[in-house]
Amino acid sequence: MKKGNAIELKNVSKSFRLEVMSDKKGKLGKNKTVTTSNVVFENLSLEVKKGEVLGVLGRNGSGKSTLLSIMAKILEPDSGTVEVEGKVASILALGMGFHGEMSGRENIYLKGELYGFSRKEMDEKVEEIIDFTGIRKYIDNPLKTYSSGMSGRLAFAIMLHVNADVMLVDEVLSTGDASYSAKASTAFKKIMKQGKTVVFVSHNMSAVTEMCSRVIWIEKGKIVAEGKPKVVCAKYTKALSESYDVVYDQALSGVASAQYRLAMMYRDGKDVEKDDEQYKEWMKKAADQGHVDAQVAYADILYDSGTEEDLSEALILYQSAADKGNSSARMKVSSFAGSNESDPDRAEILEICRAMAESGNPSDVTRYAAVLLKTAWNEEDRKKAYEKYMEASEDGNPDVYYQLAIMRRDGIGTKKSTDGYLEMLHKAAEAGHLKSMSDLATMYQEGKLLEPDEKKAFRWHMKAARNGSVSSQYRVACMYRDGEGVEMDKEKSEKWFHIYSHAVIAQYQMVAADVIKFRPGTDADPDELITKAAMAYNPRAITALASIYASGSNRIADKERAKQCYLKAAEQPGTPRMILGDMYYEGRIFDQDFAKAAEMYLSCSYVLDLDRCYRMYLMFKDGIGVEKDMAEAKKYLKRAAAKGHREARRILGLSY
């Protein structure tokens with residue numbers, strides 16, 4: 001064995017003989033049995049260093065438990081060598097090494113003997129072990145009277161206290177209730193800090209990421225990935241959600257969410273040939289198990305068939321989904337009481353919004369898309385909503401980007417696509433959408449759908465924190481404290497912890513500032529409250545503070561501070577950028593700069609009012625701050641007219 005290694009497997013192969021029924025008949029007319037071989041491992045090699053905590057991931061049947069049994073020398077490999085240095089303790093299967101007729105106390109001694117410890121050594125540990133189990137009043141009862149949870153507690157408590165060099169554990173933290181699991185997790189972490197070698201099998205991604213120093217992923221008897229926990233867990237999680245083979249296996253085993261994902265794969269032709277019949281079949285299976293989105297989707301299929309029997313079943317499914325909070329289902333249940341999708345009010349508002357959207361105004365197009373989506377009766381309506389959201393997205397609205405991200409993530413009106421979801425989520429975040437920033441930060445931090453990257457996680461958490469995200473403010477403080485994704489900095493950590501603790505108060509300071517302005521006799525200074533709220537990165541407070549410094553309200557005007565506040569506020573999308581555009585265009589506070597004004601207006605053109613739209617018309621018409629572009633000029637002129645700008649309407653020859 002190499003120096004520094006605790007476990008070494010070299011070219012290990014293991015298979016099991018299975019007897020299966022064949023199609024051939026025997027003499028008595030019964031099907032013959034055929035012996036076959038199930039290969040679990042073939043020439044598998046693995047090294048585990050002393051003090052390493054190795055996590056093992058893999059689907060059911062991938063060989064995780066067999067691997068631990070081989071390491072524990074409970075199973076012998078067909079070929080290859082296995083070397084383990086030091087005393088070994090293991091929890092591989094509940095009841096393994098226990099005797100049902102013996103009491104819990106007697107089983108402690110039995111298990112200790114199997115681990116290689118003398119009775120005298122176990123005498124010193126037995127009371128401590130019993131205390132840890134939390135089942136002292138049952139400890140002298142026969143083990144056969146224990147529940148599986150009690151047996152698991154006993155096995156885990158023994159393993160923790162026998163001072164083994166190597167620990168092999170299979171789903172150790174699933175033992176017992178929530179409070180005991182927390183207790184077990186804490187004790188397990190202490191053991192790992194003592195330099196013990198641990199091989200840890202679990203389906204709990206959070207536990208694997210938090211506790212392990214290295215992770216391997218086993219699939220079809222081979223190690224398909226190994227490395228840092230977050231990286232391997234991210235790859236494994238993504239494979240579970242996207243791989244046809246993985247999803248199909250889970251769907252066959254009855255997992256409703258997998259059946260729904262499989263149905264969507266058949267609908268979209270993702271990693272499999274498009275098949276409407278398979279789509280309907282798997283969607284029905286998921287719906288039968290109560291999967292809410294599947295119930296709505298399958299009800300839509302039934303509704304489109306038009307038969308009285310199918311309509312009746314569709315209503316039952318809609319009602320079930322509606323009872324679970326699905327808004328689309330609730331709308332349909334309500335509409336069934338009237339005239340279904342031919343509801344004249346729905347048709348009227350759709351036509352009004354469609355006509356408004358013809359103006360090309362992004363807010364009108366977005367409104368039409370929202371109505372289509374919220375009142376959708378079938379997939380065609382959802383597809384049309386997606387198309388309109390895509391049209392509206394050309395103007396850079398972060399809210400529209402986020403809506404498109406969700407539609408791509410869930411396959412609403414378009415193909416379900418993780419890559420498409422992430423693309424739009426990044427666009428929304430870059431445009432200033434607060435939830436998108438926080439979501440991306442969390443994904444990079446936890447390795448969900450994205451390869452973990454602490455620096456990118458910090459970048460997005462910081463951006464979100466500076467835009468008022470309370471949860472990201474806390475994470476930034478922790479990351480500075482722990483040196484996660486950024487250089488450790490105690491002072492900055494304390495600063496952000498202070499900001500976080502004050503952020504909740506900030507919103508009430510803004511409310512108080514608004515109220516006391518109109519209540520005589522109140523001593524509090526509203527401007528001071530706004531200043532304090534702005535220190536916690538409250539977006540509304542920063543904009544208000546900029547105005548205070550610009551006007552000199554209740555204090556000496558401070559042009560430089562006003563500038564800083566306006567620039568800070570403009571990190572948010574929408575109105576703050578429009579205000580900064582005005583500052584540059586009109587030469588107020590800032591030096592007049594038409595190019596920067598145009599930059600700000602273009603970054604939030606979806607919220608420009610009639611006057612700013614007309615201003616953009618003039619800028620494009622005359623080449624002020626932008627390249628002269630009559631097509632763009634005409635676009636903004638039409639928007640200004642649609643919003644009611646009198647001069648714009650006169651130029652276009654429209655009546656007032």
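For the pair Thr531 (side chain) and Asp527 (backbone), a donor-acceptor distance under 3.5 Å is present. Looking at Lys416, its side chain never comes within 3.5 Å of a backbone N or O of Met264 through a donor-acceptor pair. Here the side chain of Asp268 pairs no donor or acceptor atom with the backbone of Lys270 at under 3.5 angstrom.
Look at Lys384 and Asp381 and you find no salt bridge, because none of the NZ, NE, NH1 or NH2 atoms lies under 4.0 Å from a carboxylate O. Using a 4.0 Å cut-off between charged nitrogen and carboxylate oxygen, Lys563 and Glu560 count as a salt-bridge pair. Arg612 has a carboxylate O that lies under 4.0 Å from a charged side-chain N of Asp582, or vice versa, which qualifies the two as a salt bridge.
Every salt bridge (Lys or Arg N to Asp or Glu O under 4.0 Å) that Arg475 has, sequence neighbours left out, goes to Glu484. Legend: residues meeting side chain to side chain donor-acceptor pair (under 3.5 Å) with Arg261, ordered by chain and number and at least two apart, are Gln250. Under the ring pair (Phe, Tyr, Trp, His ring centres under 6.0 Å) criterion, Tyr601 pairs with no residue at all, not counting sequence neighbours. By the side-chain contact (heavy atoms from CB on, under 4.5 Å) test, Lys324 is found to be paired with Val292, Gln295, Ser320, residues two or more places apart in sequence or in another chain being considered. Partners of Tyr402 under the ring pair (Phe, Tyr, Trp, His ring centres under 6.0 Å) rule, at least two apart in sequence or in another chain, are His433. Contacts of Lys383 classified as side-chain contact (heavy atoms from CB on, under 4.5 Å), with partners at least two apart in sequence or in another chain: Glu379, Glu380.
In the model, Arg561 has a side-chain atom that pairs as donor or acceptor with a side-chain atom of Tyr549 under 3.5 Å. Side-chain atoms of Asp323 and Gln319 include a donor-acceptor pair closer than 3.5 Å.
A side chain to side chain donor-acceptor pair (under 3.5 Å) check over residues 494-503, counting only residues at least two apart or in different chains, returns the pairs His502-Gln509. Applying the salt bridge (charged side-chain N to carboxylate O under 4.0 Å, His left out) test to pairs two or more places apart or on separate chains, those with a residue in residues 534-548 are Asp514-Arg540. For residues 353-363, the pairs satisfying salt bridge (charged side-chain N to carboxylate O under 4.0 Å, His left out) are Glu351-Arg354, Arg354-Glu358, with sequence neighbours left out. Under the ring-ring contact (aromatic ring centres under 6.0 Å, His included) criterion, the residue pairs touching residues 571-590 are Tyr584-Phe590, Tyr585-Phe594, with sequence neighbours excluded. For the salt bridge (charged side-chain N to carboxylate O under 4.0 Å, His left out) condition, the pairs that include at least one residue of residues 422-443, sequence neighbours left out, are Arg408-Glu423, Glu430-Arg459, Glu430-Lys463, Lys435-Asp439.
Taking the six-membered ring for Trp and the full ring otherwise, Tyr318 and Tyr303 have centroids separated by 6.0 Å or more.
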Could you go through residues 617-627 and list every donor-acceptor pair under 3.5 Å that involves a side-chain atom there, pairing it with any protein atom two or more places apart or in another chain?
none

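Between Tyr444 and His426, the two ring planes are perpendicular [angle over 60°; tilted spans 30° to 60°].
A distance of 12.5 Å separates CD1 in Ile579 from CD1 in Ile589, rounded to the nearest 0.5 Å. How far CD1 of Ile352 is from CG of Asp364: 12.5 Å, rounded to the nearest 0.5 Å. With values rounded to the nearest 0.5 angstrom, Arg409 atom CZ is found 12.5 Å from Ser417 atom OG.
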